[in-house]
Structures are given as structure tokens and as C-alpha cells.
Amino acid sequence: MEDMESDTGGFPFPFQPYPIQEQFMEALYATLDQGKVGIFESPTGTGKSLSLICGALTWLRDYETKKREEAARLLREEEEEKEKEKVSKALTSSGSTEPDWITDFVQKKAERDQVNKLKDEEMRRKRREEKLEMIRHNAQLKYALKRKTEEDDEITKMMQETGRDPGEPAQDPEDEGLIVAEYESDEESTPKNKLCDDDELDDLEEEHVTKIYYCSRTHSQLAQFVHEVQKSPFGPTVTLVSLGSRQNLCINPEVLRLGSTPLINERCMEMQKNKHDKPEKPAEDEAKRRRGVAKATCPFSGFEKLMTMRDKVLAEVRDIEQLVHLGRKTHTCPYYSTRKAIPAAQLVVLPYQTLLHAGTRRASGIHLKDQVVIIDEAHNLSDTLTCIHSTEVTGAQLCRAHSQLTQYCDRYRSRLKAKNLMYIKQILFVLEGLVRTLGGKVGQNPNSQSTQSGTELFTINDYLFKAQIDNINLFKLQRYFEKSMISRKLSGFAERYEGVGVTSHTHANKENRRTEGLGRFLQGLQNKASTVPIEDQKGAEENKPSLTSPLMLVESFLSGLTSANKDGRVVIQRQGCVAQCSVRFLLLNAALHFAEVLRDCRAVIIAGGTMQPVADFKEQLLLAAGLTQERITEFSCGHVIPPENILPIVLCAGPSGQELEFTFQTRDTPKMMEETGRVLSNLCNVVPGGVVCFFPSYEYERKILEFWESTGVLQRLAAKKKIFQEPKKANQVEQVLSEYSRCIQRCLTFTTPSGQTGALLFSVVGGKMSEGINFSDDLGRCIVMVGMPYPNIKSPELLEKMAYLDKNMPHIGGRSPGRALVENLCMKAVNQSIGRAIRHRGDYACVVLLDRRFSRPATLQKIPEWIRRSTQTHNSFGPAFASIRKFFLEKRQKQLN
């Protein structure tokens, strides 16, 4: 990257940047250079991604240049020092005073160590660049002869340990992979024959270069970012790796057919373990009954192939789909190849969950120490952290986990060591306690155990007492979960034996009868417990029950219970029967898990199109994590569109003079719903193309649409715009959007017999259409916000979060932090929804906020500045309607000219 020329102001850019892009990059560069935490707001359509890429990679280029210059300076000084030492020795030998060689040695040792380290880094960098350059010039076949000595040593070591080639399958008994390894100690020492976890495949991991971790919300957003990198001036030279889950990157058809993410993870882990395991000689009494069945290994994860693909990954910028294509072409696993590429990569692209969860970071081989992190689309960062570290388990899942673990213990009791049996019994005891808090008992069908409906909320300590597990050391239990991987073992056990049918008569021994009983019991739970959450897997039947181990959820729940008493709460919800009850750990302090990221990283950039309001975001996530105000920087820029291209209007009253205030008490009244229909009818008469109308909740959308249908309002709306509604199923969103788009284009291109001028799309704030969807140009000429989408104030979780903030956060200006949270959640949702329009420089749209409460100064202050500065407030409908009609007439006239 050091040879790249700068196009403007020191920042390479594919075209002449907008002034706000230059300002963005300058502020970003300064934040990274000073090692600060920056909050960056840049509206969609202003080239935020490209500004992030060019600004951050320019800093990285300059930083690496400075490091090399510093290394060269130290090397020169070392040579000069050697010359001085020669002169000093000569003087000493001629009778001069002898120097204090001990003091001199102590003073010079640190400098020499630093010089040696810099020499090693420079040598590794040159080797790495030589490799990548050779691959880029199609010389990869010659490269195999130049593999560095450390990698050869690793192959030799693996072969010495296993007595075979790393890719060669081993022979071992059928169930051996399901048995937990001997658990030696609760301390830091590792168990014998420890199962090889994901981050232990490389015995000698390469040292990490300075890098930038970029994360976003969805894989499509990450792919879009990678494509921007490819088009940027840094595309040909930067080393980038895209990380994804096994579900996204696996190319083994035998593993992919399992469908479920936990099953895919478990099978992959088992295959990796089989590849590295050293076959043990069976005991004499077991030799007769064991059959030497060869364990399955993955044909796509041979060591040489992985290392070759690793270099190809680094040689060219690729997104997830391109990595999968390369993996299939070379018959090499993209998942492990990309992970091996992390140390040498300058830019690592990955999803939120991988970066924000400490356990996932460790398993993925991510080291944040002194690195840079960029979190894009970060407007919901606090909520994301809370969701990642909050867990809910149902009564049905707890009973399944207890039954599975009991059967597992019975089946393998003779092959489990004492320490394993002790901890498994502890887990069973804990599961009994958790089921008891729901009003049920283990060993009985949870569907037949009735409970009294209601919701209870506990502190962590109170819940532990209620479950009667306060005498269990959850920290040791958590370590056992982590080291033994009992949850994954149980998942494999469930996969293998839950499907055993009652018609199987060939294995009539006692052990198999127990397993058949397990299968029948669990199948009964799956058939009856229709309320158990079902993972929506691509290509799988929508209502197909998951056969994975619910103990994974229990493990996550128990991990939450190790939090400090003030940082979390436990919510019990009882309804109907035990199977439908649930217990949920709620994280109250999102800063708890973000603090490690902020502490380890050199700099952190938190970016988004709409970051408003940021005051409470700073207080609750950054300052609460231990940051000082001096280390936080803020940057916010306007939009590239001219101010006349957006018309935001706060409408306080409708056409008949009815005041618009959608409180819980007034919004369901016929007068309010009729007035809303009149407003929308008038708008559809003057707005061309598409109108997107957001309701505060699904329930209110249902009520108002039913009312409009009974009163004829929907028929009047349909005369002007074809009506579409946000689908309930996620897999139908693309189809609805496609039909919506085609309808608008058809109406604007041809004169339709019905006289329709476009389409009207009904959506819900916080729903599938309110984030990540672009209603650019004619798809979103008008965005209508019906009411203020406040969260459910009666929610026990929200009430507890408010109480936590009121107790632990400062009351700025006498304002309650809990009440501010409710207002901010509302306005963040509003900002995301109205931000669906205006997606590029030439776009234009009208935004209508239907509620007089939007006109309050404190509320307006939480709308992005580039929208707020053009906002008009109208107390009556006439002037507002005239303004909207004039806005679209002018745009139409401009297009005709």
C-alpha cells in the first residue's frame, strides 16, 4: 500500500470526493492517529463506506510507513552503537578507565530486543508481500517450494503426534467422538486428550499485523462493503479476508445437508477432531465389543490445501460468495482458510456477533490488542450487545436438556471419569432447579404439567436462591462447559439417537431400549410443544422442529447468571403449561461486554447513517465502560442533496381539524382513524410513485386497516395507489418489494386503466421494511409516520432497564435517564424509518410526521440535523397540503425541463 499515490488531500479516492467526504476522512484519520473512540454520522447516500475505506486504509498505510522508518532509524543507531563499542574497547585495552559494563548492558538490552523484533517483523512482512505478489502473477505453483520453515515444522509436528498425514482419516470406535474427554482440573491446566477446538488448529500461529476489523449487521451489508473495497484505489494491494459462519462458508455437502447451524458446527468440529486425534489402543475388556469403524474426516481441510488457499484469499479481495466459489473450485474449506488468513490480513470483514461476543472472538482467532475496530450501522449497538448476551430458555427445552443428559450419562457412565460424572450431576441438579422455578418437575411431560400464568422478575441472587442452586459454583461449571464442550457432545448424541424409531427390533438390548425411550419421549415433546421457538433455516421446512441440544441455550443462560447482581435480571414467564413457560436472562449493562473491546483496541470507530440521539449512547455505552470524555470524538455531516430536495413536515391536525396525537388513549378512536385515512387519501392524490406509511406496531396496523376496510377508506386509497402490506414472513419480503417496484414503474410509464399513480406500502416501525431497505427515487417519494412508536412501557424488561439507568446513570439537567431511554428508543426507530428515502445525491422526497408531539423542541432535536433544518411545522392541514403539492409540482416541472 505504500506506493499508492494520493489523489486529493493525501487520501486516494476513485473520483473527486464531496467536501463532506474529505471532512469525514480527515476526522477519521485524526481519530485513528490519536487512538480515540469516534462516533461518526454520515447519512446514507453520502458515500460513507468509501470514506471509511479510503480514510482508514490511508491511515494504515502511513502507520506502516512510520513503523518501517522507525525500524530503519533504530537499525542505524544500532550500527553506530556497535562502532562506539569498538572504540570504547580499544580505549579500555590501552589503559583507559574500565566502563561499567553491567550498567551499559542493562541500558542497551531493551533497545537491542526492540531492534531484533523490528527486524523479524520486517522480514516477515517482506516474505508475505513476496508470496502475495507471486500469487498475483500466477506463480503460486513455485511458491510451494518456498514455504517458510515454521510451517514445515508444523506439518512435521502434526505427523509426529498423529503418526499419519494430517488429512488421513483415523480408525476409532463409533461413539468415541461423543464422549467428553477426561476433565483434569478446575484450574488453568488443560484436560488430557482435549477436543481440538476451532482456535487450536494452528499450533504455531503467525503473529498478527496491525489491522482494521470492520463489522456490520448483515452479510449483504458486508458484501456491499467488500465490493466498495474492490472498486477503491486500495483494491489491488490491500490484504482482506471476509469471515462468516460455517453455515455461510462450508462446502462439504454431507455437513451442509444437516441444515441446522448447531448441527453443522458440531459435525465440523467432530471431523476436525477426528483428523487430529491419535488413535488410542482399546482396553482388553473393550476390544471384543468395539468395532473399529473409521471416523469421518473432512476431505476439504487438508493442511497443504488450507495454506495454499489462505494465500489466495490474501492475494485478492473477495466476498463470501466469491470465497465459496473459490473453495469449491479448489476443493478447499473456505471457513478454515479464511481463519488462517486473519493474522496476515490488513482488513478483516466480519458480522457484529463475531466481534462483540468474547467467546466467539476467541474461537475465531481474533486478537483486538492494539488493533482498530470499525462498527458500521451502529445505531442499535446497545440493543445488539444486550440481545447477544441475553438468553431465553423454555420449559420444554429445559426438560429436553435434562432428559438428553440423563440418557447420555446412563449410556456412557462406565466410560466417563469421576470428574465428568460429578459435573454432569451438577448440571442435572441445576436443570431440576430451573424447571422447578417454572412450577414443574423433570422426568414428566412438560405439556401435561399445568402452571398459573404470570410474570415474575428477580435479581440474579434472588433467582439463584429460588432455584436452590446458590450452592453451585457457576464459574467452575461455566469453565467445565467451555473445556469439556459437553453441550456440543450432547448435540451429537441427540442427533444420532433422537431419531431412533419404536419399530427398531434388531437392537433389543437394555442400552438401546433406553435410547428408544428417549427418542419416543423427545419426539412427543416436539409434536406437542408447538410454542418452542423454531429456527428459520434456509431451505428447511418452516415448522420442522430442531433436534439440536437445548443444553447450548442452558449454557448461555448460566453464563449470564455469572454476571454481577446489579448488571442483569431474570424474568420468568408462566403460561398454560410448563412447556410454554420460559426463563430469560436480561442484560441491563451493555457496557459490561463492550468495555473489553474499548480497552484492548488502539481505536474504535462507531459509524452509522443516523446516530441521533448520541448523548445517552455516549453515557450508557462509552462512559459507563470506563472511557474518559477526552478520548471520545464526534463527527456528523449533512447530506449531499440540496436542502430543497427534502420536505419534512410535522402535521399537528388533519383536514377536518382533528388534532393528531396518537396516544394509547386516543389512537384507537374512530375519529382519529378516520382523520388518518383522510390525510393519507389527500397525500396519495398529489404524491407520484410510491408512498410508504409506517405504523407504530403490528397490532395498530391491523386495527386501523380493519377499520378502513369497513368504512371504505381502503377502497378510496386503492383507487389512487395499489395497496401492499409488509409480509409476516421474512422470506416473502423480497417478493413484495419486487411487486411494489414493478407496480410503480408500470404506473409511471403507462397510463393505467384504473387511474392509479403508483403504490402504497403499509409497514411497521422496527419491522422488516424499516431497516436495510432502500426506497430510493420513485419507490419512496413520501414517507408517512403515523404517531410516535414508543416501546411498551409496561414491559417488565423495559421497566427494569429504566430503573437500572435511573439508579446507575447521572441525571443530566434533572432528567430521568430511564425516561430518556424510552424517548430515545422511539426517535431512533423514527429516524431509521424516515431514512429509508433519499438514498443518493439526486433523490428527493417528502417526510410527513403525523403527531403534534413531533413539534416539541426536545423531540425535534433528536431528528438528524440535515432533516431538522428543513422541517416545517403546520398546525392546520391546508398550508401543509399546499406545501406538499407545490414541492412535487416543482420537481415535475424541473424534470420536464
Side-chain angles (χ1 to χ4, degrees), residues 1-13 17-42 46-74 114 117-118 121-122 125 208-215 225 228-229 232-234 237-240 345-349 355 367-376 378 594 597-608 611 614 618 622-623 625-637:
M1 293 201 310
E2 67 272 13
D3 298 326
M4 192 176 300
E5 295 181 2
S6 298
D7 295 340
T8 173
F11 294 102
F13 217 74
Y18 302 130
I20 59 173
Q21 289 178 313
E22 292 180 340
Q23 296 163 16
F24 186 104
M25 290 186 288
E26 288 168 1
L28 177 65
Y29 190 103
T31 302
L32 297 178
D33 206 42
Q34 296 165 17
K36 293 189 173 183
V37 175
I39 303 172
F40 281 70
E41 181 180 52
S42 180
T46 57
K48 171 168 59 73
S49 295
L50 201 53
S51 300
L52 282 169
I53 292 164
C54 295
L57 291 180
T58 298
W59 170 82
L60 185 61
R61 176 199 64 185
D62 294 349
Y63 177 77
E64 290 175 341
T65 300
K66 288 176 185 176
K67 278 183 65 177
R68 286 194 292 275
E69 289 174 352
E70 177 67 11
R73 183 186 66 79
L74 289 172
Q114 177 68 12
K117 182 180 178 182
L118 290 170
E121 286 181 359
E122 186 67 13
R125 185 187 67 81
H208 286 234
V209 302
T210 302
K211 65 176 88 284
I212 296 167
Y213 289 101
Y214 172 90
C215 66
F225 178 83
E228 290 286 343
V229 175
S232 77
F234 293 91
T237 55
V238 69
T239 53
L240 178 148
Q346 295 167 309
L347 183 57
V348 179
V349 179
L355 184 117
H367 298 171
L368 295 184
K369 188 66 176 174
D370 297 327
Q371 307 293 14
V372 171
V373 162
I374 297 176
I375 304 174
D376 203 359
F594 197 50
V597 175
L598 296 173
R599 183 178 64 248
D600 288 349
C601 291
R602 171 192 174 89
V604 176
I605 303 299
I606 302 167
M611 295 299 293
V614 298
K618 279 199 310 183
L622 303 183
L623 297 177
L627 283 188
T628 59
Q629 187 68 50
E630 293 72 30
R631 202 188 164 200
I632 302 172
T633 63
E634 291 181 53
F635 176 86
S636 179
C637 64

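Residues take their numbers from the sequence shown, with the count starting at 1.
- Salt-bridge annotation for Arg73 and Glu70: present, with a side-chain N of the basic residue lying under 4.0 Å from a carboxylate O of the acidic one.
- The side-chain heavy atoms of Gln371 and Tyr213, taken from C-beta on, include a pair separated by under 4.5 Å.
- Side-chain atoms of Lys67 and Thr210, non-hydrogen and from C-beta on, do get closer than 4.5 Å to each other.
- Residues Phe234 and Leu347 are not in side-chain contact: their nearest non-hydrogen atoms beyond the backbone lie 4.5 Å or more apart.
- Between Cys54 and Met25 the shortest side-chain heavy-atom distance falls below 4.5 Å.
- By the 4.5 Å heavy-atom criterion applied to side chains, Leu28 and Thr58 are not counted as neighbours.
- The heavy-atom pair separating Val209 from Ala345 by the smallest distance is CG2-O, 3.4 Å.
- Under the side chain to side chain donor-acceptor pair (under 3.5 Å) criterion, Glu634 pairs with Lys618, sequence neighbours left out.
- Atoms CG and CG, from Leu627 and Leu598 in turn, are 5.0 Å apart once rounded to the nearest 0.5 Å.
- In terms of heavy-atom proximity, Val604 sits nearest to Cys601 at CG2-CB, 3.8 Å.
- The aromatic rings of His208 and His367 lie parallel to each other, with less than 30° between the two planes, well short of the 60° mark.
- Here the shortest heavy-atom pairing between Phe24 and Ser42 reads CE1-CB, 3.8 Å.
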